[in-house]
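Have a look at the structure below, then the notes.
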Amino acid sequence: MQTFKKEERLSRKKIVDQLFSEGKSFVVFPYRIVWMSYDLETNYPAQVLINVSKKKFKRAVDRNLIKRRTREAYRRNKESWYKFLEGNNFKCAFALLYISTEIASYKAIEEKIILSLQRLQSEYEKDIK
RNA sequence: UUAACAGUCCAUUCUAUCGUCACGCCUUUGGCGUGAAGGAAAGUCGGGACAACACAGAGCGCCGUACUUCCUAACGGGAAGGAUCCCGCCUCGGCGGGAGACAGCAAGUGCCACAGAAAAUAACAGCCUAUGUCGGGAUUCCGGCAGGUAACGUUGAAAACGUGAGGUAAGAGCUCACGUCCCGCUGUGGCGACAUAGCGGGAGGGUAAACCUUACGGGUUGAAAGGCCAUGUAUACCGGGAACAGAGGGCUGCUCGUCCAAUCCCGGGGGGUUGGCCGUUAGAUCCUGAUGGUGACAUCAGGGCCAGAUAAAUGAUAGAUUAAAAACAGAAUCCCGCUUACAGGGUUGUUAAUACA
RNA sequence: GGCCCCGUAGUUCAAUGGAUAGAACGGAAGUUUCCUAAACUUUAGAUAGAGGUUCGAUUCCUCUCGGGGCUA
């Protein structure tokens with residue numbers, strides 16, 4: 001199902017603090033991805049945090065637009081990522097940080113989200129070895 | 001009809017698929033139904049509601065406001081009116097439009113660069129010798145001193161009521177006529193600001209978005225306010241200070257008052273929590289109509305329920321209309337204003353042009 | 001969300017309401033040197049924006065823009 005419920009989003013301050021102090025990160029422009037394995041109290045295999053900086057986009061309307069496009073792209077393309085995690089019995093907390101200063105179109109964002117999720121899988125495979 | 005200007009109103013449409021948040025219902029790992037940002041949600045510039053502090057006291061300090069009357073819960077907001085200034089018109093004293101933080105430098109103090117004698121107390125240059133005195137001269141003349149005197153003195157943003165006459169030694173609102181302005185009193189009109197007429201007194205540079213005076217108002221802190229439940233814990237140790245008597249504390253700059261009071265304060269260092277519920281959306285509410293009022297607005301009647309999240313909800317794709325789905329822009333306790341941003345469209349008024357009658 | 005503070009040369013700071021807006025470092029040009037550094041001489045460069053009060057505004061007032069701090 002292409003849902004995006006609240007349980008699929010990262011909201012615990014404790015986990016967020018831990019993620020940003022201990023998590024590993026890489027960049028797939030315009031996103032910076034911070035991730036770590038965490039034993040989440042949910043049925044979903046991953047929780048995601050989407051962030052757009054107020055320093056880079058002054059107006060709330062612009063921030064909302066980017067967050068909505070990112071959320072939409074993640075919702076439509078997360079299926080294989082979930083299958084991978086469930087197949088290996090992993091649970092993952094990660095953050096998508098938008099670091100560009102320009103507003104990207106939906107098509108560009110979707111492309112990069114797919115790339116990011118593939119990169120996350122390969123990072124996990126590296127970690128196992 | 002078109003264009004310009006001013007005012008006012010509306011503001012990313014419709015269909016399908018997949019999704020987000022809240023509420024309700026059901027056969028509850030889900031499904032169905034309903035609802036889902038703004039005129040500025042923005043800036044946080046005023047004012048309130050609400051909450052805690054003693055539901056709050058006194059004085060000082062500090063801050064704010066400033067023509068009048070009214071509206072409002074309140075306001076620095078709004079309405080109507082007054083005076084002043086600016087613009088336009090003409091039949092020349094009226095009409096129309098616009099502007100502004102519009103109390104008081106006639107209570108005190110300060111400041112006014114450069115220039116100028118001087119920036120307000122005076123002094124200086126100049127003018128006058130009526131009066132006093134001294135000297136010369138010798139009978140009404142000259143000079144000095146004392147004295148009198150005004151805004152006339154190249155400036156400047158600003159120079160001490162204006163013009164004319166009288167008056168005098170020379171002069172001066174010193175006096176008079178006409179005029180300007182200010183203060184007080186009285187009459188008339190108006191709730192009032194004020195207008196107008198008369199009488200009396202007076203003549204003063206500017207600056208209060210300089211200190212200030214007067215009048216009125218403001219207790220302080222803000223929903224990260226505040227209340228409840230759950231979980232968990234240790235003020236171990238070190239340094240400095242206050243105090244064994246009213247130290248310290250009660251969210252207030254100081255003093256007083258009042259209540260609680262034996263350990264308290266500062267720095268280093270350490271332990272625990274960082275979850276949930278309420279506040280939280282029905283209200284100075286919205287729509288329609290009637291009545292009162294010049295108006296802001298008020299009252300009455302009928303009807304409606306219109307986001308409520310807590311890392312924070314509205315998007316994506318395809319199609320249609322269109323020249324182009326397109327401006328400024330996203331609720332976070334709520335409300336009333338102000339200010340600022342803004343594509344397009346509707347509508348009202350004024351002006352100009354064109355066409356027709 | 002709430003409450004505050006600050007915007008002056010490229011940088012760090014000055015400047016009672018008096019305008020030619022100052023100083024240090026830095027920049028540019030020149031002198032000196034075989035070349036560089038140092039030294040010396042000269043020079044460019046700024047009041048965040050708009051409006052108001054005032055004869056006059058960096059300074060006082062209002063609005064806008066930008067930056068920063070505090071608050072569990």
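Nothing here was measured: the structure is a model prediction, and the numbers come from that model. In what follows, chains carry the letters A, B, and so on, assigned in the order in which the sequence lines appear, proteins first and then strands, with residues in each chain numbered from 1.
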Item to check | Reference residue R69(A); test side-chain contact (heavy atoms from CB on, under 4.5 Å); the match among I109(A), I50(A), N64(A) | outcome: I109(A)
Item to check | Pairwise P distance, rC211(B) and rA103(B) [rounded to whole Å] | outcome: 15 Å
Item to check | Proximity to the side chain of R9(A) - top-ranked nucleotide from rA312(B), rA331(B), rA313(B) | outcome: rA312(B)
Pull out every protein N or O sitting under 3.5 Å from an N or O of nucleotides 68-72 of chain C, one pair per line with the distance.
| unit_1 | atom_1 | unit_2 | atom_2 | d |
| --- | --- | --- | --- | --- |
| rG68(C) | OP1 | K55(A) | NZ | 3.4 |

Next on the checklist: Counting the atoms with a prime plus P, OP1 and OP2 as sugar-phosphate, which does R63(A) contact under 4.0 Å by heavy atoms, base, sugar-phosphate, or nothing?
Outcome noted: nothing
Checklist entry - Among the nucleotides rA312(B), rC18(B), rA331(B), which one has an atom lying closest to any side-chain atom of E72(A)? => result rC18(B)
Checklist entry - Honestly, is R119(A) close enough over F26(A), meaning NZ or CZ under 6.0 Å from the six-membered ring centre and within 45° of the axis? => result yes
Next on the checklist: Under a 3.5 Å cut-off for both contacts, is rA282(B) paired Watson-Crick or G-U wobble with anything, and if yes, with which nucleotide?
Outcome noted: none
Checklist entry - Taking for each residue the nucleotide of RNA chain B with the nearest heavy atom, is it F4(A) or R69(A) whose nucleotide lies nearer the 5' end? => result F4(A)
Checklist entry - From the list rU314(B), rA311(B), rC18(B), which nucleotide is the closest neighbour of the side chain of R75(A)? => result rC18(B)
Checklist entry - Can you tell me which stems RNA chain C forms when a stem means 3 or more consecutive Watson-Crick or G-U pairs under 3.5 Å? => result C:1-7 with C:65-71, C:10-13 with C:22-25, C:27-31 with C:39-43, C:48-52 with C:60-64
Item to check | R76(A) vs K67(A), nearer the 5' end of RNA chain B by closest nucleotide | outcome: K67(A)
Item to check | Any strand: nucleotide that pairs with rG222(B) via Watson-Crick or wobble, under 3.5 Å | outcome: rC50(B)
Checklist outcome for this item: For rU196(B), the nucleotide meeting Watson-Crick or G-U wobble distances (both under 3.5 Å) is rG187(B)
Next on the checklist: In terms of relative ring orientation, are Y98(A) and Y31(A) parallel, tilted or perpendicular, with 30° and 60° separating the classes?
Outcome noted: perpendicular
Atom pairs under 3.5 Å: protein N/O with N/O of nucleotides 15-17 of chain B:
none

Checklist entry - Is there a donor-acceptor pair closer than 3.5 Å between any side-chain N or O of K78(A) and the backbone N or O of T3(A)? => result yes
Checklist entry - Mind checking whether V28(A) and I113(A) sit in one hydrophobic cluster, side chains of I, L, V, M, F, W, Y counted as touching below 4.5 Å? => result yes
Next on the checklist: Strictly by Watson-Crick or wobble contacts shorter than 3.5 Å, is anything paired with rU351(B), and which nucleotide is it?
Outcome noted: rA3(B)
Checklist entry - Which nucleotide sits closest to the side chain of K6(A): rU310(B), rA316(B), rG330(B)? => result rU310(B)
Checklist entry - Any idea which of rA331(B), rA316(B), rA313(B) is nearest the Y106(A) side chain? => result rA316(B)
Item to check | Out of rA316(B), rU20(B), rG330(B), whichever nucleotide has its closest atom nearest the side chain of V61(A) | outcome: rG330(B)
Next on the checklist: Would you say that L117(A) contacts E79(A) through its side chain, given a criterion of any heavy-atom pair below 4.5 Å between the two side chains?
Outcome noted: no
Checklist entry - Should rC60(B) form a Watson-Crick or G-U wobble pair with both distances under 3.5 Å, which nucleotide is its partner? => result rG253(B)
Next on the checklist: Tell me if a side-chain donor or acceptor on E8(A) pairs with a main-chain N or O of V48(A) at a distance below 3.5 Å.
Outcome noted: no
Next on the checklist: Looking at rU133(B), which nucleotide sits across from it as a Watson-Crick or G-U wobble partner, both distances under 3.5 angstrom, or is there none?
Outcome noted: rG144(B)
Checklist outcome for this item: L49(A) has its side chain closest, among rA311(B), rC21(B), rA313(B), to rA311(B)
Next on the checklist: Both distances below 3.5 Å, Watson-Crick or wobble geometry, any strand: find the nucleotide opposite rA318(B).
Outcome noted: rU15(B)
Checklist outcome for this item: Separation of rA316(B) atom P from K78(A) atom NZ, nearest Å, is 18 Å
Next on the checklist: Does the structure show a Watson-Crick or G-U wobble partner for rU291(B), both distances under 3.5 Å? Name it, or say none.
Outcome noted: rA298(B)
Item to check | Check ion pair E72(A)-R76(A) (N to O, under 4.0 angstrom) | outcome: yes
Next on the checklist: In this structure, is the centre-to-centre distance between the rings of Y124(A) and W35(A) below 6.0 Å?
Outcome noted: yes
